[in-house]
Amino acid sequence: MQFSELGLGPEVLQAISEVGYTTPTPIQEKAIPWVLQGRDVLGCAQTGTGKTASFTLPMIEILAQGRARARMPRSLILEPTRELAAQVADNFEIYGKYHKLNMALLIGGESFGDQVKKLERGVDVLIATPGRMIDLFERGNILLSDIKILVIDEADRMLDMGFIPDIERIVGLLPKLRQTLFFSATMPPEIRRLADQFLMNPREITVAPPASPAATVTQALAVAYDEDKRKVLRHLLQTEDVKNAFIFCNRKKDVGILHQSLSRHGFNAGALHGDMVQSKRTETLEAFKQGSIDLLVCSDVAARGIDIKGVSHVFNFDVPFNAEDYVHRIGRTGRAGLTGRAFTIAAPEDGRLVQAIEKLIGREIPRVLIDGLETPELEFEESGRGRRRPRRKDEGRKEEGRKSEPRSARPPRSRAADRTEAGDSAAATPVPEERAARPERSERSVRARPERTDRPVQDRPERPVREDRPREDRRSRFADRGEDRRRRRDEDDDRTPVIGFGDDVPAFILRAARPVRPAALPDSDAEG
DNA sequence: AAAAAAC
């Protein structure tokens, strides 16, 4: 199946081919013809399935006819986060290149002035987060009586975030006669109810079973004491072949702390969470996209839907509270048929969270050991208040020997991280029992390569940078990787289908950034 | 337990 068979016009097809795509993803193949016919669509699809283009492409086609009047937008797309809204706007820019569509991005944290000015001029496409949208409506800057197409994206997340009342209110302001496209990764009863309420005789499209991570993502779990977590992370960053990575924390505060820590250790990292000013959020995300930042330390604001091509790794510095968020987080890698690796660092008290995740994804996450670090057991009992936090056995002893420094000079977390000397040059190895029980699995598990294990980072041979290779060379390199992937899949006996392009990957995705390396190797493990 | 979103 080719894009040219879906009923899209030559201008859109031209824009698509310039980006390098030839083959639609399953959801695009199924949804685009229906949307072009003016039908409602209920799409059950995770991000990373090509969902965004499945509505932007036909919308560009439909909106090409007619013209918007002042303050009367012709279509409305609702997104749960500002970053996702901006990403959809980018999509319209890219594929609407040969159409003159006016677009307005209505998100919080940016000045009203520009957004209002755009509305005055008349927009074809309105892309908004609910809060700012309602605000502008109440100020009288938007008339919704001309909306012909409504898109509700990430409905289940809107539910999680408490946006449903806002959504119901906005939809109540729209004309009853309209086309509605409704997307959600999962279909809990509450979402189903909304879909029934908003859609008329929709075509239902399901492309990936919810809560199943893509087969292209290799997962692993390291258990470590809380105070060792940063050391484990640094160790993984240095032993893994990390090109770039999302690093998720559960709390905004910890995003800041970890970002500082990694920066002090010479890693090229940025931070992203919802309390940062919007301009900084946009700037950081762009820098990560462009590759001028290798590591993005972030909260769950970036867990869902953020689509950055060719991210090699995801690290869960904290085990997510919500098991579904785990699936979303690790879905930032292994996209578009490329492989990715996802490591989760769990503290002993995270046992129940890990259990919930493993239950959701229906399998155990393979464990890895970090050489030179004591690996505690996960705990599964109720975590009562006042219960003693699990501690390393050697903690007291190391405490005496550690370099003296005024206690008040540092936050408690960073002091704790100083206490172990071993670790930075050690390697992650699989749990022995796992190897003994299933030898064929251990071969492809997330163990660091042997030649990398006990040499310091700067002694390792430089990895070839793919950018410098001639085109043909790159292609053959990828073909090899494809074969490798198939072999590994066979060994895995993993029957989950691969979502994406298979081996037919557009050239631009193969463009790789330089490998991530600490700018300077820390000479001690000190935080300073 | 947290995060997200309007000023």
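Numbered from 1 within each chain, the chains take letters A, B, ... in sequence-line order.
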Original post:
Of all the nucleotides listed (dA5(B), dA6(B), dA1(B)), which has the minimum atom distance to the side chain of E138(A)?
Top reply: dA6(B)

**OP:** Considering just the side-chain nitrogens and oxygens of R281(A), establish if one lies under 4.0 Å of OP1 or OP2 belonging to dA5(B).
**Re:** yes

**OP:** Please work out which residues in residues 72-82 of chain A have a non-hydrogen atom less than 4.0 Å from an atom of DNA chain B and list them by number.
**Re:** P80(A), R82(A)

Subject >> With S75(A), the side chain to side chain contact (heavy atoms under 4.5 Å, CB included) member among K148(A), M103(A), R178(A), M59(A) >> reply: M59(A)

Subject >> Selected nucleotide, minimal atom distance to V301(A) side chain, candidates dA4(B), dA6(B), dA2(B) >> reply: dA4(B)

Original post:
Starting at NE2 of H328(A) and ending at P of dA2(B), how long is that distance when rounded to a whole Å?
Top reply: 20 Å

**OP:** Indicate, with a heavy-atom threshold strictly under 4.0 Å, whether G162(A) touches base, sugar-phosphate, or nothing.
**Re:** nothing

Original post:
So what does R139(A) hit on the nucleic acid, given a heavy-atom distance under 4.0 Å: a base, only sugar-phosphate, or nothing?
Top reply: nothing

Original post:
Which residues satisfy the side chain to side chain contact (heavy atoms under 4.5 Å, CB included) test with R251(A), sequence neighbours excluded?
Top reply: D254(A), F321(A)

**OP:** Take atom CZ of R193(A) as the centre, draw a 6.0 Å sphere, and report whether it contains more than 12 heavy atoms from other residues, nucleotides or ligands.
**Re:** yes

Original post:
Charged N to carboxylate O under 4.0 angstrom, K51(A) versus D153(A)?
Top reply: yes

**OP:** Give the rounded distance in Å between these two atoms: CG of D254(A) and C1' of dA1(B).
**Re:** 12 Å

**OP:** Measure from CG on D160(A) to P on dA4(B) and round the result to the nearest Å.
**Re:** 14 Å

**OP:** Among the candidates dA1(B), dA6(B), dA4(B), find the nucleotide nearest to the side-chain atoms of F321(A).
**Re:** dA1(B)

Original post:
N250(A) near the nucleic acid: base, sugar-phosphate alone, or nothing, with a heavy-atom cut-off under 4.0 Å?
Top reply: sugar-phosphate

Original post:
Between atom NE2 in H273(A) and atom P in dA4(B), what is the gap in whole Å?
Top reply: 7 Å

**OP:** Using ring pair (Phe, Tyr, Trp, His ring centres under 6.0 Å) as the criterion, list what pairs up with Y326(A), not counting sequence neighbours.
**Re:** none

Original post:
Is the closest basic N to carboxylate O distance between K229(A) and D226(A) below 4.0 Å?
Top reply: yes

Original post:
For the pair made of CG in L353(A) and C1' in dA1(B), what is the distance, rounded to whole Å?
Top reply: 9 Å

**OP:** Respond yes when some side-chain nitrogen or oxygen of K252(A) is under 4.0 Å from OP1 or OP2 of dA4(B), and no when none is.
**Re:** yes

Original post:
Taking atom NZ of K176(A) as the centre, does the number of heavy atoms from other residues, nucleotides or ligands within less than 6.0 Å exceed 12?
Top reply: yes

Original post:
Counting just side-chain N and O atoms, does S299(A) come under 4.0 Å of either OP1 or OP2 of dA2(B)?
Top reply: no

**OP:** Among D294(A), D90(A), D307(A), find the residue that satisfies the salt bridge (charged side-chain N to carboxylate O under 4.0 Å, His left out) test when tested with K289(A).
**Re:** D90(A)

Subject >> Closest nucleotide among dA5(B), dA1(B), dA3(B) to the F163(A) side chain >> reply: dA5(B)

Original post:
Rounding to a whole Å, what distance do you find between I306(A):CD1 and dA3(B):P?
Top reply: 17 Å

Original post:
Quick one: E324(A) CD to dA2(B) P, roughly how many Å, whole number?
Top reply: 19 Å

Original post:
How close or far is atom P of dA5(B) from atom CD1 of I167(A), stated in whole angstroms?
Top reply: 13 Å

